[in-house]
Trainee: 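Here it is: the structure, laid out below.
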Amino acid sequence: MKSLFTAFALLLLAIPHVAAHYRFTTLIVNGAATTPWQYVRQSNNSNSPITDVSSTNMRCNSGGANGGSTQTATVAAGATVGFKLDQAIFHAGVLNVYMTKVSNAATADGSTGWFKIYQVSAVTGGGTISWPTDNATQFTFKIPSSISAGQYLLRVEHIALHSAASTNGAQFYIRYFINPLSDLVPYSLSSCAQLNVTGGGSASPSTVKIPGVYSASDPGILINIYYPVPTSYKQPGPAVFTG
C-alpha cells in the first residue's frame with residue numbers, strides 16, 4: 001500500500017503544469033475588486049517561487065521591498081478587504097494573511113513586526129486531509145477594528161505543500177509562482193498591498209519578524225501530505241489576532 005501511495009504522489013508531481021502559476025494581483029475593498037497591481041506590489045520573479053524561509057524575499061516577494069509606483073488604499077479599521085487571484089489555486093496548501101504597521105507604506109521594506117489577521121488551514125479527519133483553498137479565486141477578511149490608525153502593509157501568502165516532504169520543499173506563494181518540474185520542495189506565493197487605515201483603536205498586537213517566523217523544519221512546512229495521510233495539521237505562524 002505504501003508503494004502505491006508513493007507512486008501516486010510521484011505521478012502527481014510528474015504531471016506537466018502548462019502556465020502553472022497563480023498570482024494575488026488585486027486588492028478587494030468593501031466587496032469591490034480594484035485594478036490589478038494598483039495597490040499590490042508587483043514582484044520581479046516571473047517564474048520562480050520562494051522556498052527559502054530565511055530570505056527577506058519572504059516579506060513581499062522578490063522585487064517587492066518598496067512600493068515603486070504602487071498606490072496606497074485608504075480603508076477603515078473593521079472594513080472587509082481581500083485579495084483576488086488571476087486564476088484559481090490548484091496546489092494543495094494553506095493561506096495566511098499578515099499586517100505590519102509602518103511609517104510610510106510606499107517605502108516600507110517589511111522589516112517591522114507582523115501580526116496575523118486571517119488564515120485558512122487544512123481539514124483533517126476520517127483518514128483524510130483536505131484543503132479549503134483548492135480552486136479558490138479570492139479571499140476576503142476584516143481588518144481588525146481595534147488596531148490604531150496609520151499606514152500598513154497587508155501581506156497574503158499561499159504555502160503550497162504538494163512537494164513539501166523534503167526540506168525547503170514548501171513553496172511560499174507570496175505573490176507569484178511558476179512551478180519548475182525539478183523543484184520538489186514546498187513553496188510560497190505572497191503579495192503585499194499598501195493601506196492607510198482610518199479610525200480604529202489603540203490595540204498593540206504581538207508581532208513576529210519575517211523572515212524569522214518560520215523554520216524549514218516546522219511541522220506545517222516539512223510534511224508529506226500523501227502517505228501516511230496526516231491525522232492533524234499545524235498551521236505555520238502565530239495565532240490570528242482577533243482584536
Trainee: Please list all pairs meeting side chain to side chain donor-acceptor pair (under 3.5 Å) that have one or both residues in residues 195-211, counting only residues at least two apart or in different chains.
Mentor: none
Trainee: Just checking, is any N or O donor in the side chain of E157 or Y214 under 3.5 Å from an acceptor N or O on the other one?
Mentor: yes
Trainee: Could you measure the distance from the CD1 atom of I159 to the CG atom of D218? Nearest 0.5 Å is fine.
Mentor: 9.0 Å
Trainee: Taking the ring of F90 and the ring of Y22, is the distance between their centroids below 6.0 Å?
Mentor: yes
Trainee: Quick check: does any side chain N or O of R59 sit under 3.5 Å from a backbone N or O of A65, one acting as donor and the other as acceptor?
Mentor: no
Trainee: List in chain and number order the residues that pass side-chain hydrogen bond (donor to acceptor under 3.5 Å, both in side chains) with S62, two or more places apart in sequence or in another chain; answer none if no residue qualifies.
Mentor: N44
Trainee: Please identify each residue that fulfils side-chain hydrogen bond (donor to acceptor under 3.5 Å, both in side chains) with T133, with sequence neighbours left out.
Mentor: H158
Trainee: Donor-acceptor pair, R23 side chain versus D86 backbone, under 3.5 Å?
Mentor: no
Trainee: Distance check, rounded to the nearest 0.5 Å: S103 atom OG versus Q151 atom CD?
Mentor: 8.0 Å
Trainee: Should V123 and P132 count as side-chain neighbours, where that means a heavy-atom distance under 4.5 Å?
Mentor: yes
Trainee: Output the distance between atom CD1 (I225) and atom CD1 (I129), rounded to the nearest 0.5 Å.
Mentor: 7.0 Å
Trainee: Hey, what do you get for OH (Y39) to OG1 (T25), rounding to the nearest 0.5 Å?
Mentor: 14.5 Å
Trainee: With a 3.5 Å distance limit and no angle check, can you tell me whether T128 reaches the backbone of G125 through a side-chain donor-acceptor pair?
Mentor: yes
Trainee: So, the side chain of S43 versus the backbone of N61: is there a donor-acceptor pair under 3.5 Å, distance only?
Mentor: no
Trainee: Indicate every side-chain donor-acceptor pair of residues 232-241 with a distance under 3.5 Å to a residue at least two apart or in another chain.
Mentor:
residue	atom	partner	partner atom	Å
Y233	OH	G220	O	2.7
Q235	OE1	S121	OG	2.8
Q235	NE2	L95	O	3.1
Q235	NE2	N96	OD1	2.9

Trainee: Using the ring of each side chain (for Trp, its six-membered ring), is F24 parallel, tilted or perpendicular to F139, with breaks at 30° and 60°?
Mentor: tilted
Trainee: Distance-only criterion, 3.5 Å: show the donor-acceptor pairs between side-chain atoms of residues 70-85 and protein atoms not counting sequence neighbours.
Mentor:
residue	atom	partner	partner atom	Å
T70	OG1	G67	O	2.7
T72	OG1	Q194	NE2	3.2
T80	OG1	K142	NZ	3.3

Trainee: Taking side chain as C-beta onward, heavy atoms only, is Q138 less than 4.5 Å from I28?
Mentor: yes
Trainee: Do S148 and Y152 have side chains that get closer than 4.5 Å, going by heavy atoms?
Mentor: yes
Trainee: Would you indicate whether the side-chain heavy atoms of N66 and D109 approach each other to under 4.5 Å?
Mentor: no
Trainee: Would you compute the distance between atom CH2 of W114 and atom CD1 of I210 and round it to the nearest 0.5 angstrom?
Mentor: 5.5 Å
Trainee: Between atom CG of L154 and atom CD1 of I117, what is the distance when rounded to the nearest 0.5 Å?
Mentor: 5.5 Å
Trainee: My understanding is that only residues two or more places apart in sequence, or in another chain, count here; which of them pass side-chain contact (heavy atoms from CB on, under 4.5 Å) with S145?
Mentor: none
Trainee: Is it true that T112 and K101 share a donor-acceptor pair across their side chains at a distance under 3.5 Å?
Mentor: no
